[in-house]
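Remember, it's 1-based here, ligands and their atoms both numbered in the order they're listed.
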Amino acid sequence: MNDAMSSGNHERLIEDRLGTRARVYGTEQAILVGIADGSADMETFRELELLAHTAGIQTLATVVQKRHRPAPATFVGRGKVEEVKAAAMELDADAVLFDSELSPAQARNLEEAIGRKVIDRSQLILDIFAQRAATKEARLQVELAQLRYLLPRLRGWGMSLTRAGGRAVGGVGTRGPGETQLELDRNKINRRIHTLEKRLVKATAERAVRRKKRMKSVIPRIALVGYTNSGKSTLLNRLCEVDAFVEDKLFATLDSVVRRGAVAPGRRALFADTVGFIRELPHHLVPAFAATLEAAQYADLLIHVIDVSKPTWRDDHRVVLEILEQEVFHGHERRPETLNVLNKIDLLPDGVPSGVEGIAISALEGQQIEELKAKIASLVFPRDRAIMFSFPLGALHKLSPLTTSGRARIVEYTGEAAHVKASVSAVEWEALERDGGCLISCGASPAEEP
Ligand code: GDP
Ligand code: MG
């Protein structure tokens, strides 16, 4: 088979395929279509608008059909399809956006019936991810997810997309040119998938090396998880006083961001911001979260940020727990402790809703941040002990991080050594011991002086 495939062709594969029919250009105007059964569904529909906005799509109109479950052939009923078509013509819409993942057949039927580009929720999320993936690994993962999404949908798009004509390749046979071309496309895509998988194995191995290096640090690692737009990046900025990317758009943070922040004088922790979780996350996309998932998997503490000002917060909370359970910690024995943070209380004049235990804060306005820090400190520095030890004078400079932050104090000098009172964790003590520290006495708890 003379299917010359330069790598440039490979790169253009998605561009060609998704480009003509399905790529979201960010300048489009669309009609949003969904089905609703109650007010909670309406809220998830607003989420679709926010997703569209994130992708740069302008919403021209929304069409909602009241029904329990989607129609098998066209998602919404026949009558609604006509309504959407009429609206698309009248408003001159470029695309119609559906609030669910459509089956390949549904997408094809709808595109034929409406005569406009049909985009589903998964595709939209995929596209946002493609726009925002910053690391090499995330980009590979997103491309892989896009191709896997595309593969079963080729048939509908196959005919109009390639002009080369498949007849010459397929030769004699029962298959029409479209069929042959389809097969060629499938082969191309499968080969590209194979290449991507191989590259990913390498990228994953590189990440494991970086992780090992990081694990050597005794600084506690804290991962912020939560539904998209719940305020994770805002909180990270609060805690670390540096700027992470905050936006009222979904998935502003795709790759994980790590910052250092102090939770008490001299007590620093590493905070990892993670991509937000969202309902109906296309399954293929989960590996694109790899860096994020890892930040959560190897954390000493998870902070679950919940936007309690949102009417659907309980559902969002459940979705996040499910994703953590099924995708993040599935098969993992070790699971870090979780601290719930009920965020955006500034928007709730009537107080914090009940149901989930946690610390209520406003990441934006700063309410209760000190309390949160104290709580974090108590969780990640739990085994601090007040101790007295002797320390060689020649190594005193190693004590300075502790003494300058007030956590250690020299009480007397005795010839070659200093006697020191300090409040330290077991890990810190190990380091001090290696530097020549010799324990004199140890209190039972942080409050107890030796
Ligand atoms: P992320 O997707 O979880 O990282 O959420 P972001 O930190 O990007 O925040 C999403 C939106 O919520 C932004 O517009 C923030 O300004 C807003 N936000 C975050 N925390 C608060 C808060 O405590 N109160 C209010 N009113 N808005 C907040
Ligand atoms: Mg964010």
Subject >> Polar side-chain atom of Asp346 near backbone of Ser362 as donor-acceptor pair, under 3.5 Å >> reply: no
Subject >> Check: Lys232 N/O within less than 3.5 Å of ligand 1 N/O >> reply: yes
Subject >> Best match, Asp346, Val225, Val341, Ile361: closest heavy atom to atom 24 (N) of ligand 1 >> reply: Asp346
Original post:
Which is closest to atom 9 (O) of ligand 1 by heavy-atom distance: Thr234, Asn343, Leu236?
Top reply: Thr234
Original post:
Mind checking whether the Mg ion (ligand 2) has an N, O or S of Ser233 under 2.8 Å?
Top reply: yes
**OP:** Identify which of Leu364, Leu348, Asn229 has a heavy atom lying nearest to atom 10 (C) of ligand 1.
**Re:** Asn229
**OP:** Could you list which atoms of ligand 1 come closer than 4.0 Å to a heavy atom of Ser233?
**Re:** 4 (O), 7 (O)
Subject >> Leu347 neighbourhood, listing ligand 1 atoms whose heavy-atom distance to it stays under 4.0 Å >> reply: 26 (N)
Original post:
In terms of atom number and element, which parts of ligand 1 are under 4.0 angstrom from non-hydrogen atoms of Gly231?
Top reply: 1 (P), 3 (O), 5 (O), 6 (P), 7 (O), 9 (O), 19 (C)
Subject >> Closest heavy-atom pair and its distance - Ser309, Leu347 >> reply: OG-CD1, 3.5 Å
Original post:
Below 4.0 angstrom, N of the basic side chain to O of the carboxylate: do Arg199 and Glu137 qualify?
Top reply: no
Original post:
Are any of the heavy atoms in Gly226 under 4.0 Å away from ligand 1?
Top reply: no
**OP:** Please state whether the rings of His332 and Phe329 are parallel, tilted or perpendicular, taking 30° and 60° as the class boundaries.
**Re:** perpendicular
Original post:
Take atom NE2 in His397; do more than 12 heavy atoms of anything else shown fall under 6.0 Å from it?
Top reply: yes
Subject >> For the student: nearest non-hydrogen atoms of Phe75 and Gly34, plus distance >> reply: CE2-CA, 4.3 Å
Subject >> Lys/Arg-Asp/Glu bridge criterion (N-O < 4.0 Å) met for Arg121, Glu47 >> reply: yes
